[in-house]
Structures are given as C-alpha cells and as structure tokens.
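Below, chains carry the letters A, B, ... as their sequence lines are ordered, and counting in each starts from 1.
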Number of protein chains: 2
Amino acid sequence: MAKTTRSSERSSQRRVDALTRERIVEAAIDLLDSQGEGGLTFRALAARLETGHGAIQWHIANKNELLQAAADAVISSAVTGVADGVTPPERIRGIALAVFDAIDAHPWVGTELSREPWQPAVLRIFEGVGGQLHALGVPQGARFDAASTLLNFILGLAGQYAAGARLIGHATDRQAFLADLAARWSDLDPARYPFAHQVAPQLRDHDDREQFLAGVDLILAGMTAPGYPGGGVPCPIRPAEGTTKTPDASAVNTPSA
Amino acid sequence: MAKTTRSSERSSQRRVDALTRERIVEAAIDLLDSQGEGGLTFRALAARLETGHGAIQWHIANKNELLQAAADAVISSAVTGVADGVTPPERIRGIALAVFDAIDAHPWVGTELSREPWQPAVLRIFEGVGGQLHALGVPQGARFDAASTLLNFILGLAGQYAAGARLIGHATDRQAFLADLAARWSDLDPARYPFAHQVAPQLRDHDDREQFLAGVDLILAGMTAPGYPGGGVPCPIRPAEGTTKTPDASAVNTPSA
DNA sequence: ACCTGAACACCGTTCAAGT
DNA sequence: ACCTGAACACCGTTCAAGT
C-alpha cells in the first residue's frame with residue numbers, strides 16, 4: 001500500500017491548498033451562495049483563492065464550464081440523498097423536491113439549469129425521473145415524452161423560482177413581493193385579464209413548494225389517466241403490489257420492438 | 001377632426017424617423033433575430049438607429065426593460081393570432097403552439113421568458129391558458145396550480161429550446177446536434193444511466209414540436225384524471241356540449257368563498 | 001424635452017513570460 | 001506542468017453638456 005500511494009504522497013507534499021479543479025468549484029459555490037449570481041467572476045474567485053485569475057483558467061476553460069460543474073455538484077449531492085426503495089411516484093416526488101430544495105438553497109442553480117440544455121446536472125434529473133416510468137406503468141413508446149414533460153416542468157419552475165430569488169432578497173421579502181404582485185394582478189383590467197385578476201388572492205398566499213408538488217402530482221395523474229397512452233390500465237398512481245420493485249437494468253433495457 | 005389631431009400633426013412634422021420607443025423595440029427585435037442573443041447591445045442599436053447610445057437610454061431605462069418589451073411584442077402578436085371559438089383544450093393547445101412557434105422563430109424570446117418571472121409576456125401566456133380552465137372543468141381551488149403547471153412546462157421548454165438554438169445554428173445542424181447528443185447518451189454507462197441510455201435512439205429522431213404537444217396533452221389529461229382535484233367528474237378532455245362557451249368575466253369573477 | 005459622446009467601472013478571455 | 005499578470009476587446013450605465 002505504501003508503494004501504491006506514491007503519487008498521492010507526492011501531491012500531498014505540495015502546498016496543502018494546491019489549486020485543484022475541486023477546490024475551484026467549491027470556492028465558486030461559496031461565492032455564488034454568498035454574493036449571488038453576479039458575484040462569481042474569475043477575478044473574485046482568484047482573490048478568494050489567493051492566486052491570479054489566469055491560474056484558474058488553466059484548470060477550467062471558461063465560465064460556462066465552471067457554472068456547469070458547480071450546478072452538477074449541488075444537484076448530484078441533492079439527488080443522491082433521495083430515499084430509495086419507495087414506490088415510483090414517491091421516488092419521482094422525492095427527486096423533484098430534492099431539486100426544488102437545492103434551488104431554494106442555491107437559487108443560482110435554477111438559473112444555470114434553465115440556461116444550458118443537457119448539461120450533466122440536467123441529465124441526472126432526467127435519469128432520476130425517467131428511470132421510474134417503467135415501473136409506473138408508462139409504456140415504452142411514451143416514456144421519453146413523459147420524462148421530458150416532467151423535466152421541462154421542473155426546469156421551468158427552476159428558472160422562475162431562481163428569478164424570483166434574484167429579485168428579492170430572501171424569506172421575509174417574499175411576503176411583500178407576492179403581496180405587491182398580487183395587488184398588481186388585482187388591478188388588472190378584468191375584461192382583458194379575468195383569470196389573473198381572479199387568482200390574485202391565491203397568488204398572494206400560495207406556497208411555491210406546495211404548488212410545485214401539485215404540478216408534479218398533476219403530471220403523474222396524467223400519466224395514468226384514460227386517454228393518455230398507457231393510461232386507463234388498472235394502474236392508478238400507486239402501482240399494484242408486487243410491481244413496485246425497481247426493475248434491474250437488463251429488464252429496463254429490453255428492446256421493445 | 002382637424003383640430004383633435006393637432007398634437008399628432010405636430011409630431012409628424014418632426015424628422016420622419018424620430019426616435020420612439022416603438023422604433024427602438026422594433027430595431028431591437030431585428031437585431032436579436034439577425035445577430036442572435038449577443039447581438040443586442042446599446043452600441044449596436046445606436047449604430048443601426050443612427051444615434052448615440054445615450055439617446056436610446058433616455059427612452060428605455062435599461063437593457064432588461066428593452067428585452068421585456070421586445071419579448072412582449074413577439075408573444076403578444078403570437079397569442080393574439082390564436083383561433084377563438086374552439087374548445088378549451090384546443091385553445092390551450094393553440095396558445096401553447098403559438099408560443100412554441102414564436103420561440104422557434106425568435107429563440108431569444110425563450111431565453112427572455114425563462115429569465116424573468118411575471119413579465120408582461122409571461123402574464124399573457126398565463127392568462128391565455130388559465131382562462132380556459134373553468135370551461136375545462138377544473139374546479140376553482142385547483143385552477144391556479146393547474147395554470148402554473150402548464151406555464152412552467154411551457155417556460156421550461158422555452159428555455160431549453162432557446163438554449164439549443166443558441167448552441168446550434170439552425171435546422172440542418174439540428175440533425176447533427178441530436179445525433180451527437182444521442183450518441184453520447186448511448187455511450188453512457190447503462191448501470192448508472194439506464195433510462196438515458198435506453199431512450200437515446202428516440203432522442204435522435206424526435207420532433208421537438210410534437211414532444212411539446214405531447215407534454216401539453218399529458219398535463220391536460222392529468223387535469224381530468226381520477227385522483228386529481230376535480231378529476232373523475234363525468235367530464236373528459238372535451239367538456240359536455242353547452243359548457244364550452246367561455247363564461248363572461250362577471251361569472252368567472254364570482255367569489256368562491 | 002430630447003440628444004450627444006466621453007468617462008466609469010466593470011467583464012471574460014488571451015497569452016507571452018516566468019518557475 | 002502549473003502559475004503570473006498585463007493587455008485586449010468588449011460590456012451596461014452614468015452624466016455633464018449641448019440644442
């Protein structure tokens with residue numbers, strides 16, 4: 001063992017705070033959390049890591065790569081923590097809520113997710129929800145569309161929620177922000193905006209997290225509804241006992257043709 | 001009439017190409033369409049309008065306001081063109097597709113919609129879909145959540161689709177882009193990413209517009225599914241005859257308490 | 001009221017030069 | 001291989017000064 005760790009020994013003989021990709025991403029997350037989305041610049045990052053900004057760009061090519069790496073670190077740890085061994089709809093809800101809570105804690109993640117398609121973090125979410133559709137009873141031909149629907153809903157909320165957080169500071173300001181927005185909706189011409197005018201009171205008092213979960217449930221309900229492909233089968237939101245076990249990879253990958 | 005048009009006569013006596021908010025927004029849209037999202041700068045706009053960039057910022061305070069105005073102009077004209085007098089689900093589909101097509105023609109609109117919550121353009125979409133929910137049979141208490149779900153789905157796709165368009169040039173490149181992405185999904189470790197690995201072929205051949213419509217239909221199906229509030233009532237996607245007329249504003253605004 | 005253009009305070013990225 | 005720091009080519013925004 002002493003022999004095999006030669007290279008890691010050598011790296012540990014450098015300055016303890018050697019500049020690594022990992023440390024850069026970590027510092028970027030700290031900076032984004034504490035200073036907001038505008039707070040991440042190569043110069044600020046360089047100051048925090050006590051180096052030049054050119055040094056950072058030797059490890060990470062550009063800002064896009066840095067943001068994707070930071071978002072993936074947050075989403076990866078959020079999705080990994082979701083309880084396993086529950087029913088498929090429960091797992092989908094769990095993943096969705098984990099993403100929501102991650103964005104709530106790190107609003108810049110929401111901006112980043114909705115900014116770049118199919119970045120690693122987005123793929124994780126797609127896989128997380130898509131992997132449950134087989135066990136949920138959605139037929140092979142409809143799974144891609146169904147997963148895409150859930151993903152786009154999650155990303156849509158991610159963007160909106162992040163934008164809201166960007167606008168207001170946090171928590172307490174939210175009440176005032178919603179009250180102000182609800183007042184503006186209430187003042188809208190009922191002839192031109194009857195719906196917005198009508199739901200203004202609900203806007204003021206609603207809980208984003210609950211509304212998000214309601215959206216997930218609505219889409220889950222649609223997947224098993226009569227009229228949707230694969231819907232109408234004797235499989236309500238909760239699958240029949242005995243089918244809740246997550247199928248192994250080989251079963252999932254059985255070609256459908 | 002000659003007397004009442006005095007002020008408009010006076011303004012028409014100015015240079016024909018007087019700098020107005022309208023002309024600025026129009027030029028901004030042209031610039032965004034032709035040069036892409038990065039093409040809109042106050043300097044480029046000033047050059048095109050043959051003035052200084054300070055002059056523009058006298059009419060429009062900042063870039064955010066300019067982008068919102070441009071997006072609203074596009075969405076407004078798109079939503080206005082949707083056929084009236086059809087069934088509620090048909091109208092929701094029509095509005096959703098109008099938004100999709102507008103983003104397809106002006107990808108920067110997708111970026112802008114997903115960037116800022118409750119800007120005028122977003123409110124138009126929200127009203128457009130939300131206004132159909134009553135006639136669709138969604139009970140009062142569930143309408144806000146339902147409209148929000150549809151809206152977030154649309155905005156999620158808006159952001160992703162715009163990001164895709166930002167990445168690739170247009171049309172023909174799309175085939176290559178999807179083929180490349182599908183190949184990468186296919187190469188993913190089936191043990192870690194079974195779902196993405198499995199749907200890779202579908203990703204390569206899918207049509208974004210059809211998938212978008214499938215998502216709208218899935219959510220519509222959920223609204224009338226058993227298990228969802230108001231679902232299970234004898235009201236399939238198409239409401240019973242005689243209830244399809246859009247209720248007038250006073251009926252819609254009846255307080256529910 | 002409307003427009004000008006210089007000045008300010010930033011950005012991300014590049015790159016020759018060092019160790 | 002890894003890091004430095006100056007230089008480049010931009011931004012949006014502000015603002016005293018004009019007409």
Looking at residues at least two apart in the chain, or sitting in another chain, which of them share a ring-ring contact (aromatic ring centres under 6.0 Å, His included) with [X]?
X        : value
A/Phe42  : none
A/His206 : B/Phe144
B/Phe126 : A/Trp185, A/Phe195, B/Trp118

In whole angstroms, how far is the [atom2] atom of [N] from the [atom1] atom of [X]?
X       : N      : atom1 : atom2 : result
B/Ile56 : C/dA1  : CD1   : P     : 21 Å
A/Glu50 : D/dG5  : CD    : P     : 13 Å
A/Arg23 : D/dC2  : CZ    : P     : 15 Å
B/Ile24 : C/dC2  : CD1   : C1'   : 11 Å
B/Leu45 : D/dG12 : CG    : P     : 10 Å
B/His53 : C/dG5  : NE2   : C1'   : 7 Å
A/Gln57 : D/dA7  : CD    : P     : 18 Å

Least distance between heavy atoms, [X] atom then [Y] atom:
X        : Y        : result
B/His59  : B/Leu19  : NE2-O, 3.2 Å
A/Glu116 : A/Val122 : O-CG2, 4.1 Å
A/Ala46  : A/His53  : CB-N, 3.5 Å

Report the residues that fulfil salt bridge (Lys or Arg N to Asp or Glu O under 4.0 Å) with [X], sequence neighbours left out, ordered by chain and then residue number.
X        : value
B/Arg48  : B/Asp30
A/Arg204 : none
B/Glu26  : none

Spell out, as yes or no, whether a donor-acceptor pair under 3.5 Å connects the side chain of A/Arg23 to the backbone of A/Ala18. yes
Determine yes or no for a side-chain-to-main-chain donor-acceptor pair under 3.5 angstrom, with B/Asp72 supplying the side chain and B/Gln68 the backbone. no
For DNA chain C, which residues in residues 108-117 of chain A have a heavy atom at a distance below 4.0 Å? none
Residues of residues 35-43 of chain B with any non-hydrogen atom less than 4.0 angstrom from an atom of DNA chain C: list those, numerically ordered, please. B/Arg43
What base-paired stems does DNA chain C take part in, with at least 3 consecutive Watson-Crick or G-U wobble pairs and both distances under 3.5 Å? C:4-8 with D:12-16, C:12-16 with D:4-8
Say we look at C/dC2 and D/dA17: how far apart would their P atoms be, to the nearest angstrom? 22 Å
Under a 4.0 Å heavy-atom cut-off, which of residues 58-66 of chain A touch DNA chain D? A/Trp58, A/His59
Would you list the pairs meeting side chain to side chain donor-acceptor pair (under 3.5 Å) in which at least one residue belongs to residues 35-44 of chain B, sequence neighbours left out? B/Glu37-B/Thr111, B/Glu37-B/Arg166
Under the side-chain contact (heavy atoms from CB on, under 4.5 Å) test, which residues partner B/Asn62, sequence neighbours left out? B/Asn64, B/Glu65
